[in-house]
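Right, one structure below, let's go through it.
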Amino acid sequence: MENPSQPAATATADQPTDARPADAQQTLIEVRDLKVEFNIRGGVVKAVDGLTFDIKRGQTVGIIGESGCGKSVTARAILRMVPKPGKITGGEILYYRYSRYPRKDGKSQDIEVIDMTKLDPDGELVRQIRGGEIAMIFQEPMSSLTPVYTAGTHLNEAITLHRLIPLKRLGDQMVEKIVEYRRVTKEEAREIAIQMLRRVGIPKPEQRVDSYPHQLSGGQRQRVMIAIALSTEPYMLIADEPTTALDVSIEAQILDIMRELQQTANMAIMFITHNLGVIASMADEIVVMYMGKQVERAKVVDLFYNPKHPYTQALLQSVPKLGPKTGARLASIEGMVPDPLHLPSGCVFHPRCPAFMPGKCDKLIPQWNKVGENHWARCLLYEE
Amino acid sequence: MTDSLQNGKKDNILLEVNGLKKYFPIQKGLLRKVVGYVKAVDDVSLYVREGETLGLVGESGCGKTTASRSIIRLYEPTAGQVLFKSRVLSPDGRPRMVNLLELNREQMTKVREEIAMIFQDPINSLNPRMTVADIIAEPMVIHGKYQKGRSEEIIISLLERVGLRADHLRRYPHEFSGGQRQRIGIARALALNPRLVLCDEPVSALDVSIQAQTLNLLQDLQKDFNLSYLFVAHDLSVVQHISDRIAVMYVGKVVEMASSEELYANPLHPYTEALLSAVPKPDPLYKSERIIMQGDVADPSNPPSGCYFHPRCRYVIDRCKTEAPAFREVKPDHWVACHRAEELQLKGI
Amino acid sequence: MAVATAPSALPLGKKKEVGQSYWDLVWYRFKKNKLGVIGAVLLVALYVSFVAIPEFIAPYQLENRSNFVEAPPTAIRLVDANGQFQAPFIYGLDRKVDTVKRLRTWQVNTDRKYPVRLFVQGDEYRLLGLVSTNIHLFGIEADQKEQRIFIMGADALGRDYFTRIMYGGRLSLMIGLIGQFLTLALGATLGVISGYYGGAVDMFVQRFTEFLAAFPNIPLFMALSAAIPAFWSPIAVYFMLTIILAFLGWGGLARQVRGLILSLREREYALAAKSFGAKDRRIMFRHLLPGTMSHVIVIATLSIPGMILAETALSWLGLGLRPPLTSWGTLLQDAATVRAIRFVPWLLWVVPPILLTILTYNLLGDGLRDALDPYSSR
Ligand SMILES: Nc1ncnc2c1ncn2[C@@H]1O[C@H](COP(=O)(O)OP(=O)(O)OP(=O)(O)O)[C@@H](O)[C@H]1O
Ligand SMILES: Nc1ncnc2c1ncn2[C@@H]1O[C@H](COP(=O)(O)OP(=O)(O)OP(=O)(O)O)[C@@H](O)[C@H]1O
Ligand code: SF4
Ligand code: SF4
Ligand SMILES: [Mg+2]
Ligand SMILES: [Mg+2]
């Protein structure tokens, strides 16, 4: 069974003035059997097929997997921003929303359960949530931050999606965001913006706050994006490969900031990456995806020290590790990722699986099995 | 200035680079007046032995790509010396050291037979309008070595050697995944039987599992064809896995060069130490003791005085701010450019 | 052995020997664009009928004069004077001369009926310049002196205007195509060289195109056409005009190609070729130029109409083709007098084919533009 700890229907009565609930173990996002499909030229791509997990407050869930396995689509589905030919075709995404500020009487706080899949993706509510409650750092900002938009289509996205707007000072962009979602004055917001820039390692933030996006290097812009996402103190941060384009030293710096904010603000993080080193140091729980399917889910230590699914095992062995040189070959996963339009029968991993069981794996579809405490895997090895 | 690398113990050297510089002019205004230079490569010295892999690591923008391209004169270097032990240019067929920067056009074209290049971007490095067969055949065609039938057999065997199939021959690059495309690029690099392959981040754009396959392939090919690699990358774990020796670059300069075990165990340059400490480990129980580097990477068009690393170095002394450290051999086969290399006790992994 | 065999990305059932080239993908996308396909089909039809077989479609020979001076278009009828329904036919025309008004008019004579037939015998011609025949697509079986069919009327020399439009299309459409071809060759070559080498070469080419673009066109035309000796044969004049048009048009194309080359030059595949020792010429024409082709074709398609219009305009101004050469431009010249519009308005029938040509080229060009980037929606 995969029951999340049920959220308390009402928070404790004696809340402090900060609206954030004290209990870190409350569920914030619950994804149930999510399905996203792309209807394209050659057929239907099941980009996400039956994904189930939940994210608790103050917790980091890592999503790992190879390119094209559906990580970004999952992230975008949560914010209802699946790109054009894509559609959410099944499942639900429950968001346990706390009213942002304490009630007038300063006493109780309500939790509202919102099914994100039922909302109008362009509606006011979704926009509010996207804005300051769940922030997202997008993948490949280098391309999206080009000062000239090739087509007008992206401009609208740029404004709603917290991308940097060209020809507008960084400080103004940040202040606008901050005052929208936090109860501060413009002057305070500017202070916060400068502090945030300093924390993400932008040199001379007092001056840089008045510069324009095109005056920054690619890596600096990426850091500014992170600063903006974090400056509204969101309940949850979705970080889609936030550091892939950065150097190790800057990457480490950014990861430190995220961890720190997570502790001070009890922020949840959904961290998407294919860098196993990064995820090991960040996540509490990890979801491993392969071809749109969730193949394993476990606490980070269990996953790295006791991986159950053959794919996870192979993935972990295929990263070169720093340390005494052994001269050995890397254990690599044979073959290529299959064509998403023509997925193999049975277990989708079977053509590449080292533990392939003929007559079984290519026929039967493995179920989501509990293989340990807080540990699930989708593999026939763990079925009778 | 750099010590000449000549005084170290070096045998079997295939490629030796001394004091290589490449400055890109910064032009402004209508008349394109040169207002300054981007010192993308500013004094790079290194050497590659026959049959070994030299890794070249460094942060983004430190000049790794520019250095490797300057070596085979895709960019015309501003200064320096690139010595290569060439077979095709020697009259008696015995390998002979030549300075690539002094060769004329014709000789340079001939040497390109012996030095091949693999590019970072698996999408952009293959011409989308050519079939796989044409792409791999191109080096042979250029050097007038293409013979119908025979060459096709060679192409097929190369293709199979890198893990593709003969029926891929008539396909176009966009029909392949990133990893497969990189294999096509590797097959093309091997078409002329080179002795040195310059690999510019060949696995950076690939997925973890595909990256492992490609690294294994490169290692196998090295054994089979007795290749030497200059392997450029920014991922230290990858570089360490594949390299015999490693050179670390910072803002256009090589600051440290040593065998990979030595470099990781006993780094002598503070920058190497900081870089090693920041590498994330795929181990959730590992507690990192990361060294925080202050400030940003230096701007290559306006580098700091003295040691380029001094504004970020935690061991900085006054001398570092004025005097640039020489690149010298501190231990046998361990080169470093730091004033305090002997006294500092740095931490490796 | 991890790398020994890499399974294909395609499932076994769909394995193909030959891959899909860039142009296959362009074609696939183009086919989905209805308007573009319509444009292409119409264009092919236009070229076949106007360039390849106008002799067959036109009922007469180009210079076949008659007494039917400025006869109005002949109505093709299905119902006769008695209200009887029958196969298509026309009535005969009688000449009436109004001596008072000094006007000549044509009157329908319902007594003479001539059925309109398909594939009738008429003037002798060589189909596609090869087969000698006298079969025409349609016509009437009557003595040419007695009655003719003028579906678009006749001109001042009694020639069938429809025939003249058909023949005139040949020169006009060809001048667009040949002129654009020359423009393309000149513009693409200079653009590639300019973009690839940069520096002084680039400077020179750029300044020269700017000079051409800044030069006022009409005086230039006048000067150039004045330079064409009067004793030249009409065909020589025709080719000269084509070359002049191409010469004026290549600048814009060269600029576009140059821009594309500047971005392609930094592509790693060009560097890769260079790293293997490829010569400049190979890099330019084997690697860089093909990358610009899709763009160039769209630009060329969209600028052929301009070329056709330029010919038309020049000939209309009397600067281009001159009789006895017949093009849409020279026909328009005949039509564009007040007298013509007042008394022989059917001479304006030359306008619809010009418009149709421009429209089809634009439809095709737009379709190509959309299909240009087939990798974009992968
Ligand atoms: N706009 C789109 N149109 C069609 N298919 C799409 C689109 N976006 C994503 N897909 C499909 O969804 C699948 C998952 O894509 P997704 O971007 O989530 O991968 P990812 O795991 O984020 O990969 P990466 O590591 O490369 O970012 C892909 O196989 C792709 O085929
Ligand atoms: N053609 C050029 N003109 C001007 N400056 C250049 C040119 N090519 C590179 N540079 C500059 O030279 C420096 C080194 O660039 P290079 O591409 O060699 O770095 P790199 O180490 O390969 O970085 P990365 O890891 O990002 O590939 C950078 O500051 C870059 O901006
Ligand atoms: S179900 Fe079979 S093929 Fe799939 S992962 Fe498990 S063992 Fe491998
Ligand atoms: S020379 Fe000085 S500043 Fe440079 S690395 Fe050594 S100690 Fe640091
Ligand atoms: Mg993604
Ligand atoms: Mg590079």
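In what follows, chains are A, B, ... by sequence order, proteins preceding strands, each numbered from 1.
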Is a side-chain donor or acceptor of B:His143 paired with a backbone partner of C:Ala278 at a separation under 3.5 angstrom? no
So, the part of B:Val141 with a heavy atom under 4.5 Å from chain C: the answer is side chain
Okay, B:Arg105 and chain C: the region with an atom under 4.5 Å from a heavy atom over there is side chain
More than 12 heavy atoms of other residues, nucleotides or ligands under 6.0 Å from OH of C:Tyr47: is that the case? yes
Taking everything shown except C:Phe181 itself, do over 12 heavy atoms lie less than 6.0 Å from its CZ? no
To the nearest 0.5 Å, atom OG of C:Ser275 lies from atom CZ of B:Arg188 at 7.0 Å
Closest non-hydrogen atoms of B:Ser125 and C:Ala272, given as atom of the first, atom of the second and distance, are O-CB, 4.3 Å
d(B:Ile115 CD1, C:Phe276 CZ) to nearest 0.5 Å is 11.5 Å
dist C:Lys274:NZ -> B:Met117:CE (nearest 0.5 Å) comes out at 11.5 Å
- Does CD belonging to B:Glu106 count more than 12 external heavy atoms closer than 6.0 Å? no
Q) Would you say C:Tyr269 and B:Met130 make side-chain contact, with heavy atoms under 4.5 Å? A) no
*Is any side-chain N of the basic residue among B:Glu138 and C:Arg286 closer than 4.0 Å to the acidic one's carboxylate O?*
no
Closest non-hydrogen contact found for C:Ala273 with B:Ile142 is O-CD1, 4.0 Å
Separation between CD (C:Glu268) and CG (B:Asn127), nearest 0.5 Å, reads 13.0 Å
| message | Tell me whether C:Phe285 at atom CZ has more than 12 heavy atoms from other residues, nucleotides or ligands lying less than 6.0 Å away. | response | yes
Closest heavy-atom pair, C:Leu271 versus B:Leu74, reported as atoms and distance to 0.1 Å, is O-CD2, 3.8 Å
